Amino acid sequence: MYSPALSPAPVARPQGAPAAPLRRRSGLGLDPRLREPGGQPSARPNHGAQQLRRPAPAVARPGTAPRPESPVQHSPQVRAVLAHISRIAPAFVPRQLLQDRRHVLIAGTSGRTPVVAKALARPGEDLDGMERFQREIAAHRAFVRHRPPVRLPKLVAADSDRCVLLMERVPGRPAARERHPSDTPTPGEVRAIVGAIRALNLWRPPTGVFDRPLDYTREIARYHALGLLTDRDTSDLQQLLHGLAHQPWQFCHGDALLTNVLLAPSGPVLVDWEQAGWYLPGYDLALLWTVLSGDTGARRQLSQIAQSTGTLGRDAFLINLILVLMREIRLHDVPGAGEEQRILIRRLHEDASLARRAVRAAVGTR
């Protein structure tokens, strides 16, 4: 652009001589857009320095429509959740709505920290969900004092009364998008996930920090009453359970689905800790065995790990496996199931028959 400071010195002309006509130079002088109709140059000055500046943002005129709100704030349910979050984290800025179902998940920032806010959609109406959510908050608070040997999101803030949890956002992708995925992770990823679960199961937090979420005797009786377990199944399971009366329990995640595992650059990250606590050994392994139906190698590895501690470890794994399979059948075997779901139900019943035979064989060796 033209700059007076870089222009050549003016040439002196005799007094009274006519001024030389303005000539356009390439890249210098007048902007051809600044000409008057008829071809004459405009009298407006050419402020080169000002033309280098970016134009000022347009100011909204009266009567124009306002800019649309962020999609994060469209749902009244999400608005209520954001109000609860602001009570415990005033610096929270929502960026993306990840989920708006029973649980609301919102990605955002708190200061400079990427975070994820998790909240129960209707805590006043969902009493069971409220109890589970409060258990998850209690688990995260316990992990602040007693750090487990696995990677998990750090706690930022929480409100047990309103069921709101603010956690560190860990970069990564879920190991699976579905509860029973058709495409399982790679063998290396499965080994990393199993390694993280085993490290967690070997951890011994202080006594009294976590409780026992599962009442085995009551669960066996419940599935028997629903018709999912026969009289013989119930008798066999009770016999195995009696033999484990003095077996030490094991700390488990309690909901070790692939959907609750993030594959981060630093390794697997476990999320959703609402079922964490003490179980008979092998509960997490039994759950992984159930959802990894398309990976026979992973199932073989999980069975070998469960049996590596002897007959007691094997019996505990089989009890857990039966109860997990019964829960999955009850969850998915509902009226109106589609073809894909019917295939899953059939596969679950086949796995249950296999587990029953293993339980009967274990009872026969006692």
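Only heavy atoms go into these numbers, but all of them, side chains included; no hydrogens, no water, no symmetry mates. The structure presented is a predicted model; accordingly, all values stated were derived computationally and were not measured.
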| side-chain hydrogen bond (donor to acceptor under 3.5 Å, both in side chains) with R204: which residues, sequence neighbours excluded? | none
| said: Distance check, rounded to the nearest 0.5 Å: Q99 atom CD versus L105 atom CG? | reply: 4.5 Å
| query | With respect to V324, which candidate in L285, L287, V291 satisfies the side chain to side chain contact (heavy atoms under 4.5 Å, CB included) definition? | reply | L287
| said: Does R101, at its CZ atom, have more than 12 non-hydrogen atoms belonging to other residues, nucleotides or ligands within less than 6.0 Å? | reply: no
| request: Report yes if the side chains of L270 and V261 come closer than 4.5 Å at any heavy-atom pair, otherwise no. | output: yes
| field | Heavy-atom pair with the smallest gap, counting every atom of A175 and P185 | value | O-CG, 3.6 Å
| message | Membership question, hydrophobic clusters at under 4.5 Å side-chain separation (ILVMFWY): are V150 and I197 in the same one? | response | yes
| message | If you count every heavy atom of other residues, nucleotides or ligands that lies below 6.0 Å from D183 atom CG, does the total exceed 12? | response | no
| Candidate list L288, V190, L302, test side chain to side chain contact (heavy atoms under 4.5 Å, CB included), partner D295, passing option | V190
| task | Taking all non-hydrogen atoms of both residues into account, name the closest pair between L318 and A362 and its distance. | result | CD1-CB, 3.9 Å
| said: A side-chain contact here means heavy atoms from C-beta on lying under 4.5 Å apart; do I322 and M326 qualify? | reply: yes
| message | Who clusters with I345? Use side-chain heavy atoms, under 4.5 angstrom, across I, L, V, M, F, W and Y, and order the result by chain and number. | response | none
| query | Taking side chain as C-beta onward, heavy atoms only, is Y279 less than 4.5 Å from Q250? | reply | no
| field | Approximate separation, where rounding is to 0.5 Å, of S110 OG and R169 CZ | value | 14.0 Å
| field | Note: D272-K118 ion pair, threshold 4.0 Å (strictly below) | value | yes
| query | Are more than 12 heavy atoms from other residues, nucleotides or ligands located less than 6.0 Å from atom CZ of R330? | reply | no
| Between the side chain of S308 and the main-chain N/O of I305, is any donor-acceptor distance below 3.5 Å? | yes
| request: Answer yes if I88 and L120 sit in the same cluster of Ile, Leu, Val, Met, Phe, Trp and Tyr residues linked by side chain heavy atoms under 4.5 Å apart, and no otherwise. | output: no
| Mind checking what makes side-chain hydrogen bond (donor to acceptor under 3.5 Å, both in side chains) contact with R191, not counting sequence neighbours? | none
| query | Is it true that D284 and R198 have a side-chain N and a carboxylate O under 4.0 angstrom from each other? | reply | no
| query | Which atoms form the tightest heavy-atom contact between L280 and A316, and what is the distance? | reply | CB-CB, 4.1 Å
| R179 and side chain to side chain contact (heavy atoms under 4.5 Å, CB included): which partner among L331, N260, L258, T290? | L331
| How about L200 and C252: do any of their side-chain heavy atoms sit closer than 4.5 Å? | no
| request: Mark yes or no for whether T230, through its side chain, and D233, through its backbone, hold a donor-acceptor pair below 3.5 Å. | output: yes
| hydrophobic_cluster_shared for V359 and L241, side chain cutoff 4.5 Å | yes
| field | Salt-bridge criterion met for D211 and R135 (N-O under 4.0 Å) | value | yes
| side-chain hydrogen bond (donor to acceptor under 3.5 Å, both in side chains) with E219: which residues, sequence neighbours excluded? | R222
| field | Non-hydrogen side-chain atoms of R314 and T365 separated by less than 4.5 Å | value | yes
| Interatomic spacing from CZ in R218 to CG in D215 - rounded to 0.5 Å | 5.0 Å
| said: If we count only N and O atoms by modelled type, under 3.5 Å, do the side chains of D231 and T234 hold a donor and an acceptor together? | reply: no
| query | Okay, side chain of R360, backbone of D236: is any donor-acceptor separation there less than 3.5 Å? | reply | no
| query | If you group Ile, Leu, Val, Met, Phe, Trp and Tyr by side-chain heavy-atom gaps below 4.5 Å, do V271 and L98 land in one group? | reply | no
| said: Is there a side-chain contact between L244 and L312 in this structure, where contact means two heavy atoms from C-beta onward sitting under 4.5 Å apart? | reply: yes
| task | Kindly work out whether a path of hydrophobic side-chain contacts (I/L/V/M/F/W/Y, heavy atoms less than 4.5 Å apart) joins V93 to M167. | result | no
| message | Could you check whether any side-chain N or O of T186 sits under 3.5 Å from a backbone N or O of E189, counting only pairs where one atom can act as donor and the other as acceptor? | response | yes
| So which pairs with a foot in residues 153-211 pass ring pair (Phe, Tyr, Trp, His ring centres under 6.0 Å), sequence neighbours left out? | F143-F210, H180-H332, W203-F251, F210-F251
| task | Drop me the distance from L325's CG to R347's CZ, to the nearest 0.5 angstrom. | result | 8.0 Å
| Salt bridge flag under 4.0 Å for residues E168 and R151 | yes
| said: Does this structure show an ion pair linking D159 with R87, if we count only N-O contacts that are shorter than 4.0 Å? | reply: no
| query | If we ignore angles and hydrogens, is there a donor and acceptor under 3.5 Å between the side chains of R141 and S160? | reply | yes
| request: Please list, chain by chain and in numerical order, all residues satisfying side-chain hydrogen bond (donor to acceptor under 3.5 Å, both in side chains) with R122, sequence neighbours excluded. | output: Q77
| request: Find out whether D255 and H253 are in side-chain contact, i.e. whether some heavy atom of one side chain is under 4.5 Å from a heavy atom of the other. | output: yes
| said: A quick test of your reading: do over 12 heavy atoms of other residues, nucleotides or ligands sit less than 6.0 Å from CD of E339? | reply: yes
| Polar side chain donor-acceptor pair, Y216 to N320, under 3.5 angstrom | yes
| field | Contact check, side chains of V269 and P153, non-hydrogen atoms, under 4.5 Å | value | yes
| task | Give a yes or no on whether a salt bridge exists between E274 and R132, defined as a side-chain N under 4.0 angstrom from a carboxylate O. | result | yes
| message | Tell me whether the NZ or CZ atom of R299 lies within the 45° cone about the ring axis of W289 and under 6.0 Å from its centre. | response | yes
